[in-house]
Every structure is written in structure tokens, then in C-alpha cells.
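Please read these numbers as outputs of a predicted model, since none were measured by experiment.
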Amino acid sequence: MDSINAIVLKPQLHEVLSLVKGFRNGVVYGTKIRFPHALVMTLLFRTGSVQDKAVAILKATKAHARGLAFFVTIYKSLMLLQRRISVEGKNSDLHTFVAGFVGGWFVFGEKTSVNQQIILYLFSRIAMGLVNTVMKTGDFAAPPNSFALFAAVCWGIVMVLFRRDKSMLQDSLKNSMTYLYEDSNHWTSLKTLLWHNK
């Protein structure tokens, strides 16, 4: 074991092994994030046999884990390549954007339910990050109750979109909102009022 540890700790192998560990971390993180989410959502909302549900859970978990693993590998590989061909020998913001862009295109460019959820998650975090960047660089504080206003505007808009044409909303959001706001208008007995939805 000591000889293997000596090999993996060699500085000249660090860049290549960071790709291996990045791939590994993508698989582990994608699995940790998606499996419990897929399990809960499948048990709550999916119909079908136990086998169908298990397959759906494993398929979503595999897609998320695979996507993150390949994105990390592409991103880190392109950052390494660009650093090596750079005159300065270091990465720039442009290198970072190019590596992220290429990885995003090839790994997450297909519109699947898993990819769509990941991209929507990213988009919301980017929006908050940009707002925080403006606040920090502008050296001013957020106005009082700004988060409450933001929350109220988001909920107001999504409720109008749902009421006017819910087909415009992402499927999991649309299904959740249907369950909350439309299914709650219908029951046939005490059982379907309080215990079962339908």
C-alpha cells in the first residue's frame, strides 16, 4: 500500500490524478444528490410497479452522477490544456468560461428532466450570485425587506403563469403545483379529503 501511496502522491501525476478524482467526486456527489430526491419524488408522485419505480430512481441517479462526472472531467481537462498553452502559464476567466461552456454544451445540452432541473438550479444560483456581486462591487447594502420583496414577486409570477398556462412551467414544478392547488379542490369522501389525494 505504501508503494501505491507513493505513486499517487507524486507531484508530476497530480494534474492527471485530479481528473480521476474529479470524475469520482462527480459520481459520488451526483448520486448523493439525485438518489434521495428521485426516491422521494418517485414514491410520492409516480405510478407503476415497484420495479418501474426502482428503474426510474436508478435511471435518474445514473444520469445525474454521469453528467456531473463527465462535466468535471471535461472542465478540468480543458482548464489544464488551456493553462499549458497559455503564455502566462495560468488560467484566466476566459479559460474558465470556455471550459464551462464546452462542458455544459456536451454534457447538459440535451433537454432531459434531470438536465433541466440541474440547469434551472444553476440559473437561480447564478442570478443570486450576480445580484450579490453587484451589491458587493457597488458597495451598498440591500434595501430593507429586499428578500421578502424578491420572494413575493417570484411567487406572484409563478402563480400567474400556473393559472394562465401551466404547460409553460417545468414538469416537476407544474406537477407539484397541480397537486397543491388543483387536486385540493376535489374529493369524493373523507378518505380522499384527508388521507389519499385521489
Side-chain angles (χ1 to χ4, degrees), residues 19 22-79 93-134 147 149-184 197-198:
L19 300 177
F23 184 89
R24 175 251 182 225
N25 284 2
V27 169
V28 170
Y29 190 77
T31 301
K32 284 182 176 182
I33 294 298
R34 182 55 59 173
F35 182 78
H37 177 267
L39 177 68
V40 169
M41 297 305 285
T42 299
L43 292 177
L44 288 177
F45 298 111
R46 193 175 188 105
T47 58
S49 69
V50 172
Q51 183 179 358
D52 291 342
K53 291 178 180 181
V55 167
I57 292 165
L58 293 176
K59 186 177 174 185
T61 302
K62 179 183 174 186
H64 199 139
R66 182 182 181 279
L68 287 180
F70 281 105
F71 179 85
V72 170
T73 304
I74 290 169
Y75 172 80
K76 289 177 73 74
S77 297
L78 289 174
M79 290 295 283
D93 287 345
L94 179 61
H95 295 158
T96 305
F97 179 80
V98 167
F101 182 92
V102 171
W105 181 274
F106 286 107
V107 176
F108 296 109
E110 182 183 351
K111 188 178 178 184
T112 66
S113 60
V114 170
N115 286 353
Q116 193 174 25
Q117 288 173 357
I118 291 169
I119 299 308
L120 290 172
Y121 174 86
L122 274 179
F123 184 78
S124 67
R125 297 319 188 262
I126 290 166
M128 290 302 295
L130 290 173
V131 167
N132 289 335
T133 299
V134 167
F147 187 79
L149 178 61
F150 176 66
V153 168
C154 286
W155 277 102
I157 291 171
V158 77
M159 296 312 296
V160 169
L161 287 172
F162 178 73
R163 188 164 174 260
R164 294 185 97 203
D165 187 1
K166 63 185 169 190
S167 69
M168 296 295 108
L169 298 173
Q170 195 263 347
D171 283 344
S172 65
L173 176 61
K174 177 180 63 178
N175 292 340
S176 297
M177 293 182 76
T178 298
Y179 181 81
L180 292 168
Y181 306 111
E182 290 183 353
D183 290 358
S184 59
N197 186 43
K198 293 180 181 180

- More than 12 non-hydrogen atoms from neighbouring residues, nucleotides or ligands closer than 6.0 Å to NZ on Lys174, yes or no? yes
- For the pair Asn115 (side chain) and Lys111 (backbone), establish whether a donor and an acceptor sit closer than 3.5 Å, ignoring hydrogens and angles. no
- Query: Which value, rounded to the nearest 0.5 Å, describes the distance between Met41 atom CE and Ser176 atom OG?
  - Reply: 4.5 Å
- Nearest non-hydrogen partners of Ala65 and Thr31, listed with the distance: CB-OG1, 3.5 Å
- Message: Would Phe23 and Val72 count as a side chain to side chain contact (heavy atoms under 4.5 Å, CB included) here? Give the steps.
- Response: CA-CA 6 Å; Phe23 184 89; Val72 170; over 6 Å; no
- Could you tell me which residues satisfy salt bridge (charged side-chain N to carboxylate O under 4.0 Å, His left out) with Glu182, sequence neighbours excluded, listed by chain and number? Lys166
- Message: To the nearest 0.5 Å, what is the distance between CE on Met177 and CG on Asp183?
- Response: 12.5 Å
- Message: Is the ring pair Tyr75/Phe71 parallel, tilted or perpendicular, if the boundaries are 30 and 60 degrees?
- Response: parallel
- Rounded to the nearest 0.5 Å, what's the gap from CD1 on Ile33 to OG1 on Thr61? Could you check? 11.0 Å
- Message: What I'd like to find out is whether the side chain of Gln117 reaches to under 4.5 Å of the side chain of His64, using heavy atoms alone.
- Response: no
- Task: Please report the C-alpha distance between Arg34 and His37 in whole Å, then the side-chain angles of each, then the deciding distance to 0.1 Å, and finally whether the side chain to side chain contact (heavy atoms under 4.5 Å, CB included) criterion is met.
- Result: CA-CA 5 Å; Arg34 182 55 59 173; His37 177 267; 3.2 Å; yes
- Over all heavy atoms of both residues, which pair between Lys53 and Gly48 is shortest? Give the atoms and the distance, please. CE-O, 3.5 Å
Per-pair distances, 0.1 Å, donor-acceptor, side chain in residues 155-164, under 3.5 Å, sequence neighbours excluded:
none

- Note on the structure: Taken in chain and number order and not counting sequence neighbours, the residues that satisfy side chain to side chain contact (heavy atoms under 4.5 Å, CB included) with Leu180 are none
- Query: Can you find a heavy atom in the side chain of Lys76 that is under 4.5 Å from one in the side chain of Met79?
  - Reply: no
- Determine whether more than 12 heavy atoms belonging to other residues, nucleotides or ligands lie under 6.0 Å from atom CZ of Phe45. yes
- Could you grab the distance from atom SG of Cys154 to atom CZ of Phe147, nearest 0.5 Å is fine? 8.0 Å
- If every non-hydrogen atom of Ala38 is compared with every non-hydrogen atom of Thr42, which pair is closest and at what distance? O-OG1, 2.7 Å
- Message: Below 30° counts as parallel, above 60° as perpendicular, anything between as tilted: where do the rings of Phe97 and Phe101 land?
- Response: tilted
- Query: So does Asp93 have more than 12 non-hydrogen atoms from other groups sitting under 6.0 Å from CG?
  - Reply: no
- Work out which heavy atom in Ala99 is nearest to a heavy atom in Leu78; give both atom names and the distance. CB-CB, 3.8 Å
- Message: I need the minimum non-hydrogen distance between Phe108 and Ile118, along with the two atoms involved.
- Response: CE2-CD1, 3.7 Å
- Euclidean distance, Asn175 CG relative to Leu44 CG, rounded to 0.5 Å: 12.0 Å
- Query: Of all heavy-atom pairs between Asp52 and Arg46, which one has the smallest distance, and what is that distance?
  - Reply: O-NE, 4.5 Å
